[in-house]
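Just so it is clear, the values below take in all heavy atoms, side chains as well, and ignore hydrogens, waters and symmetry mates. Since we're looking at a predicted model, the values are computed, not measured. In the text below, chain A, chain B and the rest are named by the order of the sequence lines, each starting its count at 1.
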Amino acid sequence: MTSPLLSVHDLRVSFFTEAGPARAVDGVSFTVHAGETVALVGESGCGKTLTALSLLRLMPTGARLAPTSRVEFDGADILTMPERALRSLRGDRIAMIFQEPMTALNPVLTVGDQVAEVVRVHTALSGRDAWTRAVDMLALVGIPDAAARAQQYPHELSGGMRQRVMIAMALILEPALVIADEPTTALDVTIQAQILELLRAMRERSGMALLLITHDLGVVAEMASRVLVMYAGEVVEESPVELLFSAPGHPYTEGLLAAVPTLDTSRERLRTIPGTVPPPTDWPAGCRFRERCAHAWDRCASDAPPLVQLGPAHRVRCHLVQEPERRRT
Amino acid sequence: MWAASTLVFVLLRLAPGDPYAMRFEGLPLPRATIEARRAQRGLDDPMPVQYARWLGNIVRGELGWSEQHQRPVRDVIADLLPRTALLMGLALVTSLSLGMWLGAWQGTRAGSFGDQVATTSTLVLYSLPEFWLALLLLQLFVQTLGWLPATGMVSAMHEILPFGERVRDRLEHLVLPWLALSLVGVSVFARFQRSSMRDAWREPFVRTARAKGVAERGVRWHAWRTALAPVIALAGLTLPALVGGAVFVERIFAWPGMGNATVSAVNARDYDLVTAAVLLSSAVTVFGSLLADLVQRMVDPRVGS
């Protein structure tokens, strides 16, 4: 197998808070190969977004990276490279799509300007040529009458159009890796499908790798080939997408799958995972999911489970892997 | 504009005394002479009659006669205005540019040591009474160090100095009043700019700009572009000072400008000069807020849509 495009090794990001140190991302490792789509799944507060931001060193101020963490892209460590080298990577080789296209776009600059800026920053093209390219790109992501729309400001566009602008901005230089943080969450359901369709089309066109951060398993099923499930700052399961839906290995994954409403369950109460994600200042000892887990026994309180290899691409962080007889039915 | 000048017109006439009472007070002049002068100027007419006459003159562009200066008000103002505009213009440009620079710098590092030092200093300068600051400056630069002249716009020998020395003389007289006004002005603008820049700096689009590979300089520009509105509004409000002058600072440094002249005109009950000054100030006030509105629409497409 070829070496991965992106290789994240033991990523740890913490904050100092009044309640003590918060280990928001706590030892996350994974890889993304060229052209592959990997989904990062989990509830709010489990560290998905912070993981994504850390890949481009865009964490909020006050975040601290552990010195042992490495994020290798094309063989270079993003976490230790000089600012200049990092800047030439951002937006050119690795691009990001953010969740809220209203606040993620600058309200006082035209959308054409904001798309063209990526070109101006990374290429030697003149302002006029960059603008032409921006308009072409806006047309490519499905914005009708792109030349006129490019002159408009974000508040003059609909949510779906704004997200298309965001995507145009991310993809204009054909990056090798695109990180999309909840790209459809803020949109209407009908628009969500269009945006996913667009991302899929763009992926086929450019052969980019996609790291998709989402809490929506429907999006995962449609887009991803591999899935990472995060809980409380850790990866609790890594699995090919078919296996995740047919044979989930972690009780948390099972809970997420059970919480997806289907036609059969529509008349009953929706199933949920009891409780909430604990705050990052206060991860429980042992297994972090045990307080919400139906199968937990005393070993779960004392030993933190390791990430155990189940199959060629399937890893699970749960004691049930070694002691399946403990499973309660 | 009309309301402000009318109010001043009425108030001035309600105040005790008139130009002649003030001018000839204590002089051994026969009462009849003063009364004759009053009648000649129409000041013994009932107030509504005086008002109608005044309004008619204003509409025709006639600003009236200054009893205090014994010249047409138009000429008096033509003399005063450039001096005030020079001082206030310099101070405004300094306050605006330095204040925006300092405030934007602070906004991107809110809470840091540098920001705290700047916030404390601007707060102190902002709360000091202007005249007290002016007196402190006088004390330091004139009395203690003896570097600069204390008052006036030029020194007594100005007219006989060679050209280079004349420029130097003017600049030396300008420094202290300019400094007094600018120190306060920079503080005010910096405080406004800091708060809007700090808010802009936390917006998600700042992160987007970084994610695009924009250098920090460009990222700051992104944030600053959205943080201009309050500063522009404030600049618009400051504009009338260009013609109104700064009363305390002009008084302390004996700067012969509009602020100084207006105060002494009030004391002398120089009716026409005072109302003209108020008319001018209110005109610029209206113009200033219109201009601010216009500029805001230019830099921020969200305004007014």
Say whether, by atom type as modelled, one donor and one acceptor occur between the side chain of N106(A) and the main chain of H222(B) under 3.5 angstrom. yes
Indicate yes or no: at least one non-hydrogen side-chain atom of L53(A) is less than 4.5 angstrom from one of R207(B). yes
Nearest 0.5 Å, what's the CG-CZ distance between L86(A) and R210(B)? 11.0 Å
Heavy-atom contact with chain B under 4.5 Å, split by part of L105(A): backbone
With a 4.5 Å limit on heavy-atom distance, are the side chains of H155(A) and P301(B) in contact? yes
What part of I97(A) gets closer than 4.5 Å to chain B, counting heavy atoms only: side chain, backbone, both or neither? neither
Just wondering, more than 12 heavy atoms not from Y153(A) lying within 6.0 Å of its OH? yes
Max heavy-atom pairs within cutoff under 4.5 Å with chain B, candidates P60(A), A95(A), P107(A), A170(A), goes to P107(A)
Taking atom CZ of F15(A) as the centre, report whether more than 12 heavy atoms of other residues, nucleotides or ligands fall under 6.0 Å from it. yes
Counting C-beta onward and ignoring hydrogens, is there a side-chain heavy-atom pair between F98(A) and P204(B) closer than 4.5 Å? no
Counting only non-hydrogen atoms closer than 4.5 Å, does A215(B) touch chain A with its backbone (N, CA, C, O), its side chain (CB onward), both, or neither? both
Counting C-beta onward and ignoring hydrogens, is there a side-chain heavy-atom pair between Q114(A) and K212(B) closer than 4.5 Å? yes
Going by heavy atoms in the side chains, are T208(B) and M96(A) under 4.5 Å from each other? no
So for atom CH2, which belongs to W224(B), do other residues, nucleotides or ligands contribute more than 12 heavy atoms lying within a distance under 6.0 Å? no
Give a yes or no on whether F192(B) atom CZ has more than 12 heavy-atom contacts from other residues, nucleotides or ligands under 6.0 Å away. no
Which atoms of V299(B) are under 4.5 Å from chain A, going by heavy atoms: the side chain, the backbone, both sets, or neither? backbone
First locate atom CZ of F205(B), then atom CE of M102(A), and finally report the distance between them rounded to the nearest 0.5 Å. 10.5 Å
Given a strict heavy-atom distance threshold of 4.5 Å, which part of M166(A) is in contact with chain B: side chain, backbone, both, or neither? side chain
